Amino acid sequence: QEATRVADKAIMEKAEALRAAGKLLDLTAIKAQLAEPRPQYVALPKASRKSLAPAAVAVRGRAAHLQMGWYYKCPRCNNWHVNLAAGYALTADGVAATCEHVVQPSADMREGYFIAASEDGEVFAVTAVLAKSQRLDTAVVKLESAHLTPLPLNDQVRPGDSAYCFSRPLGQAGYFSDGMINRFYWTRVEHAKASNPLDAVRYLRMNVSTD
C-alpha cells in the first residue's frame, strides 16, 4: 500500500502539470462527450498466432495495461486525489478501453479531470471519448501523445482456452492471474437469434475463471 501511495503521488504531480497546461478534459467536458461521443475509425492490430508462455503473457499484459480514472478534489478538503481503475491499449497511437462506469464522473467530486497512466508511470491526457456503452460497461477513449503497446483483440476463442488477467484488483498493483474461458451465454435468450449481430452482441457475455 505504501508503494501504491508513492506511485499515485507521482501520477498526481504529472497530472497537475497537464492540468496547468490546459490539456485535461474536466467534468463538464467528459459529461458532454459521454452524452455525445466522438467516434472515429480505429485500425485494430491483428492478434498474434504465436503461442506464448504465461510469463510472456504477463509481460505483454503489463505493457498494455493502463491505470485510468480521475484526478480530482472532493467536497471535504482542498487536496487533490486520484481514483484509478484498469484499462488497456487498443492501438499504438493512443486508443484505449476501460469500463464505462470508470469514465462516469462521481458525485463525490467538485473538480475533476480524466487521466490515464502507464505501468511505468507516464501520464497521458484523455482528449476524447470515442464510444461508450452502459449495457456493456465499456468505453473507448483517445489519449494524447501516447505511444502504447496494444493488446490485440481476438474473438477466436472457446471454452477451455486459457485466460489471463493483469490488473490492479482491490488496490493490489501488478496482479497477474490465470484461468480459462468457462462459457459464453446470452443475458437475453431471444437475442441469440437476432437478425442484427451488432444488436445481439450487446447481450453476449463470457465467463472466465481468473482471480
Side-chain angles (χ1 to χ4, degrees), residues 30-52 54 57-58 60-62 64-70 83-91 94-108 114 116 126 128-143 148 150-172 175-211:
I30 287 288
K31 288 178 180 178
Q33 293 202 22
L34 284 170
E36 294 186 23
R38 302 181 178 183
Q40 67 178 53
Y41 175 77
V42 177
L44 294 173
K46 292 183 178 180
S48 172
R49 295 181 178 273
K50 180 182 178 181
S51 179
L52 298 177
V57 176
R60 288 292 303 274
R62 183 185 188 279
H65 184 257
L66 294 166
Q67 299 176 75
M68 303 179 72
W70 289 90
N83 183 11
L84 301 173
Y88 69 96
L90 287 174
T91 69
V95 178
T98 187
C99 293
E100 191 263 356
H101 74 261
V102 172
V103 187
Q104 286 287 352
S106 167
D108 195 32
F114 197 73
V126 175
V129 177
L130 306 183
K132 65 99 180 182
S133 169
Q134 187 175 34
R135 184 177 296 281
L136 292 173
D137 194 17
T138 302
V140 179
V141 301
K142 187 72 170 67
L143 313 183
L148 307 175
L151 200 61
L153 293 168
N154 178 17
D155 62 356
Q156 299 303 306
V157 294
R158 58 186 179 177
D161 283 346
S162 297
Y164 302 92
C165 183
F166 185 101
S167 191
R168 189 185 178 180
L170 303 176
Q172 307 304 305
Y175 193 94
F176 182 66
S177 60
D178 74 331
M180 69 169 68
I181 294 172
N182 305 116
R183 67 166 180 161
F184 295 90
Y185 67 98
W186 299 94
T187 60
R188 290 174 60 174
V189 176
E190 63 268 27
H191 284 85
K193 297 181 180 180
S195 58
N196 183 343
L198 286 177
D199 230 17
V201 77
R202 298 174 189 171
Y203 301 92
L204 180 63
R205 299 291 184 270
M206 177 177 71
N207 285 147
V208 297
S209 58
T210 58
D211 291 338

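Side-chain atoms are counted along with the backbone in the values below, which use heavy atoms only and exclude waters and symmetry mates. Treat the numbers as computed from the prediction; the structure is a model and nothing was measured.
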Colleague: Can you list the residues that meet the side chain to side chain donor-acceptor pair (under 3.5 Å) rule with Glu36, with sequence neighbours excluded?
Modeller: none
Colleague: For the CG atom of Leu143 and the CG atom of Leu90, what is their distance to the nearest 0.5 Å?
Modeller: 10.0 Å
Colleague: If you look only at pairs with a residue in residues 131-143, which of them pass as a side-chain hydrogen bond (donor to acceptor under 3.5 Å, both in side chains), with sequence neighbours excluded?
Modeller: His101-Asp137
Colleague: So Val103 and Thr98, do their side chains get closer than 4.5 Å, heavy atoms only?
Modeller: yes
Colleague: Check the pair Tyr175 / Leu170 against side-chain contact (heavy atoms from CB on, under 4.5 Å), numbers first and verdict last.
Modeller: CA-CA 10 Å; Tyr175 193 94; Leu170 303 176; over 6 Å; no
Colleague: In Å, rounded to the nearest 0.5 Å, how long is the span from OG of Ser167 to CZ of Arg62?
Modeller: 13.5 Å
Colleague: Where do Thr210 and Gly179 come nearest, in terms of heavy atoms and distance?
Modeller: CG2-N, 3.8 Å
Colleague: Tell me the closest heavy-atom pair linking Ala58 and Phe166, and the distance in Å.
Modeller: O-CD1, 4.0 Å
Colleague: Show the nearest heavy-atom pair for residues Pro45 and Pro152, with the distance to one decimal.
Modeller: O-CB, 3.7 Å
Colleague: Which heavy atom in Thr91 sits nearest to a heavy atom in Ala43, and how many Å separate them?
Modeller: CG2-O, 3.7 Å
Colleague: Show your working on side-chain contact (heavy atoms from CB on, under 4.5 Å) between Thr187 and Tyr185 and close with a plain yes or no.
Modeller: CA-CA 7 Å; Thr187 60; Tyr185 67 98; 4.1 Å; yes
Colleague: Report the C-alpha separation of Val157 and Phe184 in whole Å, then their side-chain angles, then the decisive distance to 0.1 Å, and conclude whether the side-chain contact (heavy atoms from CB on, under 4.5 Å) test is met.
Modeller: CA-CA 10 Å; Val157 294; Phe184 295 90; 3.9 Å; yes
Colleague: Looking at every heavy atom in both Gln67 and Leu84, which two are closest together, and how far apart are they?
Modeller: OE1-CD1, 3.8 Å
Colleague: Atom NE2 of His191 and atom CG of Leu204: how far apart are they, to the nearest 0.5 Å?
Modeller: 11.5 Å
Colleague: What distance separates Tyr164 OH from Leu52 CG, expressed to the nearest 0.5 Å?
Modeller: 8.5 Å
Colleague: For Arg205, does the CZ atom sit with more than 12 other heavy atoms under 6.0 Å from it, leaving out its own atoms?
Modeller: yes
Colleague: Give me each pair satisfying salt bridge (Lys or Arg N to Asp or Glu O under 4.0 Å) with a member in residues 151-170, each pair once, sequence neighbours excluded.
Modeller: Asp8-Arg168
Colleague: Which heavy-atom pair separates Ala163 from Val208 by the least distance, and what is that distance?
Modeller: CB-CG1, 4.0 Å
Colleague: In Å and rounded to the nearest 0.5 Å, what is the CZ to CG distance from Phe114 to Leu34?
Modeller: 9.0 Å
Colleague: When rounded to the nearest 0.5 angstrom, what is the spacing between OG in Ser209 and CG in Asp178?
Modeller: 8.0 Å
